[in-house]
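Here is the structure we will look at.
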Amino acid sequence: VWMDSGYYKLALFTSTDVPVWTVDYVSGTVTLAQLAASGGSSLVGFIAAGSGAVARTAQSKMRDFVDVRDFGASTGASATANAAAINAAIQANLTGEIRIAETYSVNSSINLNGFNGIIRFIGNGSGLQAASNNLKVFQSTTNAYGCKIIDARIIGTGYTGVYAFDLVRFQLRGAELVRPVILDCEYGIFLRSLCWALKIDHPDFDGTDYPITLVEGCNAIEINHPCIDNYGVVGIWVKDGGVLPNVGNLILNGFIQNGTEGIVDQGIQTQVIGTYFEGNATYEVSLKNASGNFYGCATNHTAGGARAYRATDSDAAMIVHPYMSSGARSIGLFDFDNTNTNAYYDVIFGAGSRNLPLGITTGIQPISNKPGPIGGVTPNSGAFTTLSASGVTSLTGGARTQKGITIAVASGVATTIFTLSGTPE
């Protein structure tokens with residue numbers, strides 16, 4: 001039917017006049033049907049505000065990032081369908097930006113293998129929620145160079161064996177986990193093997209048994225401002241590493257509180273700076289065959305009972321300017337195992353140190369040389385483990401000898417380092 005020059009309508013009817021198909025056409029214009037089609041956005045122009053902006057199509061603009069809803073993720077979909085949609089979005093855009101703006105239940109892993117782009121969670125209402133036991137929510141088993149995951153919120157939902165992140169070769173080229181919030185998981189960030197130069201920035205954990213664990217060959221990991229509260233077992237665990245040690249990792253500021261052991265360090269040259277510990281039931285810091293250095297860290301345990309630092313079979317550990325914000329511990333602040341004859345432990349007190357063990361003067365530098373630190377020759381009987389109103393109860397090295405205490409100094413160093421008072425036996 002021609003209505004005017006260049007204007008017409010086409011209609012297809014059945015023999016009983018039931019419409020099957022129609023199209024309106026206006027010469028030189030786009031029809032509603034064309035705009036509603038999947039390619040309709042390619043027919044619409046777009047230009048950004050500002051001088052120098054260039055024209056693009058709406059389709060090009062909207063493809064700047066991918067929303068997982070583009071692949072079928074939905075709050076009303078099944079956990080299986082959501083996991084499949086998110087994986088499809090990632091694998092179709094291995095170097096692009098993926099956005100998650102809602103909370104989705106998932107029951108299978110989100111695969112990061114080969115992904116070098118960005119996954120960005122938008123707003124507080126976005127996240128991934130476990131829908132099965134023994135689920136590794138985000139997982140990489142091969143290379144994931146340069147991957148960034150920003151503002152992820154992972155919820156364990158009461159399921160057992162849930163890992164928020166289980167990663168292999170998540171490394172280099174700016175790889176980052178930025179502001180992850182991990183709730184009620186068994187494992188938070190589990191770095192299984194060969195994660196290098198990974199930055200973990202402002203992670204937040206609550207109700208997670210093992211918030212951060214470095215398993216093997218994890219080097220130059222930077223953990224900035226960890227917020228770890230109400231955890232179960234170990235706040236940050238730098239493991240022995242087996243074949244490949246964990247070397248040169250940094251923990252900066254933040255707090256670790258209300259768990260069992262704050263930091264367990266079995267790595268090589270772990271550096272911990274300005275971190276706060278409170279209310280951990282067994283130890284704030286446990287050095288096990290490690291050579292970690294702790295600078296300006298603060299510990300508080302008003303209920304008493306837990307040691308601030310515990311070292312067993314460790315080489316060259318150093319604790320500089322510790323700040324003890326509570327003196328209410330019922331047992332010693334430091335406990336060093338003297339059985340490793342190659343061990344060197346330095347505990348250096350400075351003007352910023354507070355609430356030190358009685359009898360230790362601010363500014364004095366106790367330095368352990370072979371065979372180990374002052375006091376004790378077995379675990380749980382080391383330096384400063386037993387206190388009384390008059391100071392350190394015993395500095396006899398664990399065995400009564402005629403020599404008693406030996407103070408060795410280097411040539412040219414003043415010999416009046418300690419003043420001993422009291423009645424000898």
Side-chain angles (χ1 to χ4, degrees), residues 112 115-121 138 140 143-154 163-182 185 187-205 208 210-229 231 234-241 244-257 261-277 284-287 290-298 317-320:
L112 298 173
F115 181 65
N116 301 319
I118 297 172
I119 300 176
R120 189 186 304 273
F121 288 72
F138 279 107
S140 66
N143 297 338
Y145 293 148
C147 174
K148 291 183 175 65
I149 300 179
I150 300 172
D151 293 326
R153 184 179 179 88
I154 312 298
Y163 292 67
F165 296 89
D166 187 315
L167 304 176
V168 171
R169 293 183 180 272
F170 196 95
Q171 58 176 255
L172 302 176
R173 299 173 192 164
E176 290 185 85
L177 299 177
V178 181
R179 297 181 297 273
V181 176
I182 298 172
C185 295
Y187 290 92
I189 300 172
F190 194 82
L191 306 182
R192 193 174 291 277
S193 180
L194 298 176
C195 292
W196 302 335
L198 166 63
K199 184 177 181 180
I200 303 172
D201 191 30
H202 283 80
D204 188 347
F205 303 86
T208 296
Y210 298 90
I212 300 177
T213 306
L214 279 59
V215 178
E216 181 180 19
C218 297
N219 305 328
I221 305 296
E222 182 180 334
I223 304 171
N224 289 330
H225 300 83
C227 299
I228 299 175
D229 197 5
Y231 66 95
V234 179
I236 299 177
W237 191 353
V238 183
K239 285 197 168 187
D240 182 275
L244 298 173
N246 297 302
V247 181
N249 298 299
L250 171 66
I251 302 168
L252 178 64
N253 301 127
F255 65 85
I256 304 174
Q257 62 185 27
E261 297 182 79
I263 291 178
V264 174
D265 182 18
Q266 297 174 284
I268 297 175
Q269 289 300 316
T270 302
Q271 309 296 310
V272 183
I273 301 173
T275 302
Y276 177 79
F277 301 87
E284 313 288 16
V285 173
S286 181
L287 300 164
S291 56
N293 300 312
F294 292 77
Y295 304 94
C297 294
M318 177 179 288
I319 301 167
V320 179

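In this chain, residues are counted from 1 in sequence order.
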Any donor-acceptor pair under 3.5 Å linking the side chain of N253 with the backbone of H225? no
Mind jotting down which residue pairs meet the side chain to side chain donor-acceptor pair (under 3.5 Å) criterion with at least one end in residues 210-221? Sequence neighbours excluded, please. none
Go through the structure and list residues passing side-chain contact (heavy atoms from CB on, under 4.5 Å) with D240, not counting sequence neighbours. Q266, N289
Is it the case that the ring center of Y276 lies less than 6.0 angstrom away from the ring center of F255? no
Rounded at 0.5 Å granularity, tell me how far OG in S286 sits from CG in D265. 9.0 Å
N116 side chain to C147 main-chain N or O, any donor-acceptor pair under 3.5 Å? no
Can you say whether the rings of F138 and F165 are parallel (under 30°), tilted (30 to 60°) or perpendicular (over 60°)? parallel
Nearest atoms (heavy-atom pairs only) where G188 meets F205: CA-CE2, 4.1 Å
When you measure from the side chain of E222 to the backbone N and O of A220, does any donor-acceptor pair fall under 3.5 Å? no
In the structure I gave you, are the side-chain heavy atoms of I273 and L250 within less than 4.5 Å of one another anywhere? yes
Contact summary for F115 and I118, nearest pair of heavy atoms: CZ-N, 3.4 Å
Find the distance between CD1 (I154) and CD1 (I182) and round it off to the nearest 0.5 Å. 7.0 Å
Start with the C-alpha distance between R179 and D204, add both sets of side-chain angles, then the distance that settles side chain to side chain contact (heavy atoms under 4.5 Å, CB included), and finish with yes or no. CA-CA 7 Å; R179 297 181 297 273; D204 188 347; over 6 Å; no
One should read off an interatomic distance between N249 CG and I236 CD1, to the nearest 0.5 angstrom, of 10.0 Å
Please round to the nearest 0.5 Å and tell me the distance separating atom CG of L214 and atom CD1 of I200. 7.0 Å
Below 4.5 Å, heavy atoms only, C-beta onward: do Q171 and L198 meet side chain to side chain? no
Compare all side-chain heavy atoms of I221 with those of C195 and state whether any distance is below 4.5 angstrom. yes
Within a strict 4.5 Å, meaning less than it, do heavy atoms of the Y187 and D166 side chains meet? no
Atom of Q271, atom of Y295 and distance for their closest heavy-atom approach: OE1-CE1, 3.2 Å
Tell me, please, which residues at least two apart from R169 pass side-chain hydrogen bond (donor to acceptor under 3.5 Å, both in side chains). none
Would you say the side-chain atoms of W237 pair up with the backbone N or O of P211, donor to acceptor, closer than 3.5 Å? no
Check whether any side-chain N or O of K148 sits under 3.5 Å from a backbone N or O of G174 as a donor-acceptor pair, and report yes or no. yes
Could you report the tightest heavy-atom contact between K239 and N246, atom names first, then the distance? O-ND2, 2.9 Å
Is the ring pair Y163/F190 parallel, tilted or perpendicular, if the boundaries are 30 and 60 degrees? perpendicular
Are the side chain of S291 and the backbone N or O of Q269 linked by a donor-acceptor pair below 3.5 Å? yes
The reported gap from CD1 in I256 to CZ in F277 (rounded to nearest 0.5 angstrom) is 4.5 Å
Testing the basics here: between G217 and W196, what is the closest heavy-atom pair and its distance to 0.1 Å? O-NE1, 3.0 Å
Does any part of the side chain of L177, heavy atoms only, come nearer than 4.5 Å to the side chain of P203, both counted from C-beta? no
Distance, nearest 0.5 Å, that separates CG of L252 from CG of N224: 5.0 Å
Can you confirm whether L112 sits close enough to I149 that some side-chain heavy atom of one is under 4.5 Å from a side-chain heavy atom of the other? yes
